[in-house]
Engineer: 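I'd like to ask you about the structure that follows.
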Amino acid sequence: MRWSYMCSKFLNARGVAFNSYFFLSILFETIKNPTRYALSERRCHCVSRFEKLRRGPKLLGFIDNLEDKVAAETLHAGLVKNATVVELNVGNYMLSIYVKFKHLVAAQKMFDEMPARDVKSWTIMISGFARMGSFRLALDLFSQMLAEGVCPNQFTLSSVLKCCSSVVQTGRSVHGWLLRNGVVIDAVLKNSILEFYVTCGELNHAERLFVFMGDRDTVSCNIMISGYIQSGDWEKSLDMFRRLPSKDVATWNTVIYGLMQNGFQRKALELLYEMLNIRACFSAYTFCIALFMASSLSNVKLGRQMHAQLIRVGLHNNDFIRSSLIDMYSKCGKIDNASIIFKRKQNSDFNYDSTMEDTVSRSSIISGYVRNGRWEDALQLFFNMISKGIKVDKFTITSIISACVDCEMLNLGQQIHALVLKSGHKLDMLLCSSLIDMYSKCGSLSDAHLLFNQINDRNVILFTSIISGCALHGQGKDAIFLFELMRNEGIQPNEVTFVGLLTACSHSGLVDEGCRYFRLMKEVYGITPGVEHFTCMVDLFGRAGRLYEVKQFIDDNGVSHLSSVWRAFLSCCQVHKNVEMGNQVAEKLLEIDPSDAEPYVLLSNMCASGDRWEESARLRNLMRRKGVKKQPGQSWIRLNNRLHTNLMIMGSNHENYQPCMIETRLKRCS
DNA sequence: CTAGGGTTAG
């Protein structure tokens, strides 16, 4: 950085505007053509300085401080083309740049081609994989390193320990090894050991280590605090927090975020306000946590306060913060605000440095658009990326798949599936669940099954997606089969899984099975049934025509205060044309919510279909008198890649059918 | 040590 500073001073003094590209082109040319320059005087000056610094630590420092992946790649290409033997130090710096930009493929390639490797090279790679969460790969590399007889140092071991939370044995032996071999245990390594025992759940061991630790710093305390919260012992962690003589920002952040993540939102909020009251200094982390709190609590007021503060302290243009702001506004339903924040950055993109892609902000806004039903905006941004050749990451893809589901665009969904396969993205669990959901909701259950069968290690959500898909298609037996398969694989179903399963039973008339699973859910899995489950059960009995059992069920379970339960009941009365019971149920519903239009409509339709026209008309009149309005139904159809929607006017037949225009241009979706 | 984007629900 000092070199670039010198250079910039030199150029500025001559009024030359320059940026990193200019700077790099010099480096590039120098490497390519070390002896023959045809450079202007200015450049010569630069280059001569560069030559002097070439092998010195300053150049290496400069490379290390490169803030751009493209720049790093250019430089690397230069080194390769020149076919000079890459010095070990330079090579290591290149490696660290690739790792810094998470360009692990390039790093791996470079690493493989290096003529010589030292501990540092290995460590850079291992810590890179560890930071990216590729623990398996990092550990493989570590064992390879040992096999080649390279002795690890404290940096290596510190990274290796990060990967050992699920392979406790390895972590333990690393700990033992470094004790036996007299490796210098500095503060960082000490904390890595502590963290290892915390994350693999050996809190007692960690506690002992902590007590006997000679020089505990705030980091050690933070690790313990976060360990206590993660194990559910928030009282102990708060106690420790309170007893700390001095608290730095990271400690506040740790405890607030921990409380937030473990369901103690109120406590977290109290502490945040306490921080404000004692005028503790906020860091960028604190703001991110606060924004995250605002979005999870849908508390725009808090979010706005934070936004104002951020502008005051000038942090609002930080990429991390911006994406948090975008996310906060879109999760609070203020998609326009989110959009403004996103676009403001786009518009200020005129100089080189800001062309660095802020992929997170973009995927945040895309998911925000999808969440808020602005599919057209989401798709436009997405298509824009495709046509510009920008790599689409899995977050964006998953959001777009959701959009496909909402718009039932099977075609586009298929294309995206192809895109995923082509781009070599690993089909991760989240992506797969959304694809399965997409296929089943867009009508192609067989494709959903096909995809499901390709995945080896499955989780609850994956199973839930496919079970819900079966439910949607009335394949009750398949849903049950998959559910049992899931249990056999040792996966715990959750409340959503049971919604899917019970729905499947009710849609296929499997009353006894449904009852059995309802009991299983409560008794074996300890899941307290929610509104959805009760509604499913009512539907289960009701569809089968067992209307008296519905009543019994409602009374037995004490759910007569839930309007959705009665509503399901009422629609069953309609299906089975039981006007008497329908009347009673509708009355119940109106007791709960007199402004609800649905009971009137259902009841009047029921009367109409039973040729009881006067009664039907009376109900409609009653509605008008009470000023109860029904939301018109809406349907849509796609013709020539255009989405047309139709509003159905209540009680109408096709005469007052009003075509209404929402147009979604599905560019490129052939 | 602490921060951002994605999945399942009549």
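Just so we're on the same page: letters track the sequence lines, and every chain starts at 1. Hydrogens, waters and symmetry mates are skipped; everything else that's a heavy atom, side chains included, is used.
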Engineer: Atom NE2 of His307(A) to atom C1' of dG4(B): distance rounded to whole Å?
Structural biologist: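 Whole-Å distance recorded here is 15 Å.
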Engineer: With a 4.0 Å heavy-atom cut-off, tell me which residues in residues 480-487 of chain A come close to DNA chain B, sorted by residue number.
Structural biologist: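 Of all residues in residues 480-487 of chain A, none places a heavy atom under 4.0 Å from DNA chain B.
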Engineer: Regarding Asp393(A) and Arg362(A), does a basic nitrogen lie under 4.0 Å from an acidic carboxylate oxygen?
Structural biologist: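 Salt bridge between Asp393(A) and Arg362(A), a charged N being under 4.0 Å from a carboxylate O: no.
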Engineer: List the residues meeting side chain to side chain donor-acceptor pair (under 3.5 Å) with Thr503(A), not counting sequence neighbours, and say none if there are none.
Structural biologist: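 Testing Thr503(A) for side chain to side chain donor-acceptor pair (under 3.5 Å), a comparison that skips the adjacent residues, returns none.
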Engineer: Whole-Å distance between dA3(B) P and Leu315(A) CG?
Structural biologist: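 In whole Å, dA3(B) P lies 17 Å from Leu315(A) CG.
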Engineer: Filter on side-chain hydrogen bond (donor to acceptor under 3.5 Å, both in side chains), then keep only pairs touching residues 460-471 of chain A, sequence neighbours left out; what's left?
Structural biologist: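 Only Thr464(A)-Thr497(A) qualify under side-chain hydrogen bond (donor to acceptor under 3.5 Å, both in side chains).
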Engineer: Any side-chain N or O of Lys247(A) less than 4.0 Å from the OP1 or OP2 oxygen of dC1(B)?
Structural biologist: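 False: Lys247(A) side-chain N/O out of range (4.0 Å or more) of dC1(B) OP1/OP2.
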Engineer: Return the set of residues passing side chain to side chain donor-acceptor pair (under 3.5 Å) with Gln475(A) (not counting sequence neighbours), or none when no residue passes.
Structural biologist: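 None.
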Engineer: Just grab all the salt bridge (charged side-chain N to carboxylate O under 4.0 Å, His left out) pairs involving residues 565-576 of chain A, residues at least two apart or on different chains.
Structural biologist: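 The answer is Arg567(A)-Asp596(A), Arg567(A)-Glu598(A).
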Engineer: Tell me, please, which residues at least two apart from Asn372(A) pass side chain to side chain donor-acceptor pair (under 3.5 Å).
Structural biologist: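 For Asn372(A) there are no side chain to side chain donor-acceptor pair (under 3.5 Å) partners, ignoring immediate neighbours.
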Engineer: Output all residues satisfying side chain to side chain donor-acceptor pair (under 3.5 Å) with Glu549(A), sequence neighbours left out; order by chain, then residue number.
Structural biologist: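 Scan of Glu549(A) (side chain to side chain donor-acceptor pair (under 3.5 Å), adjacent residues dropped) gives Arg546(A).
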Engineer: Are the ring of Tyr257(A) and the six-membered base ring of dT2(B) within the stacking cut-offs of under 5.5 Å and under 30°?
Structural biologist: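 The base of dT2(B) is not stacked with Tyr257(A) (the test needs centres under 5.5 Å and planes under 30°).
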Engineer: Between dG4(B) atom C1' and Met328(A) atom CE, what is the distance in whole Å?
Structural biologist: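 Taking CE of Met328(A) and C1' of dG4(B), I get 13 Å after rounding.
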Engineer: Who pairs with Phe382(A) by ring-ring contact (aromatic ring centres under 6.0 Å, His included), at least two apart in sequence or on another chain?
Structural biologist: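 Checked Phe382(A) against ring-ring contact (aromatic ring centres under 6.0 Å, His included); zero matches.
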Engineer: Measure the distance from CD1 on Ile321(A) to P on dT2(B) and round it to the nearest whole Å.
Structural biologist: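 Atom-to-atom, Ile321(A) to dT2(B), this comes out as 17 Å.
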Engineer: Under 4.0 Å, counting only non-hydrogen atoms across every strand here, what does Ala250(A) touch: a base, just sugar-phosphate, or nothing?
Structural biologist: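 Result for Ala250(A) = base.
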Engineer: At under 4.0 Å between heavy atoms, which parts of nucleotides 5-10 of chain B does protein reach? Answer with one letter per nucleotide, 5' to 3': B base, S sugar-phosphate only, - none.
Structural biologist: BBBBBS
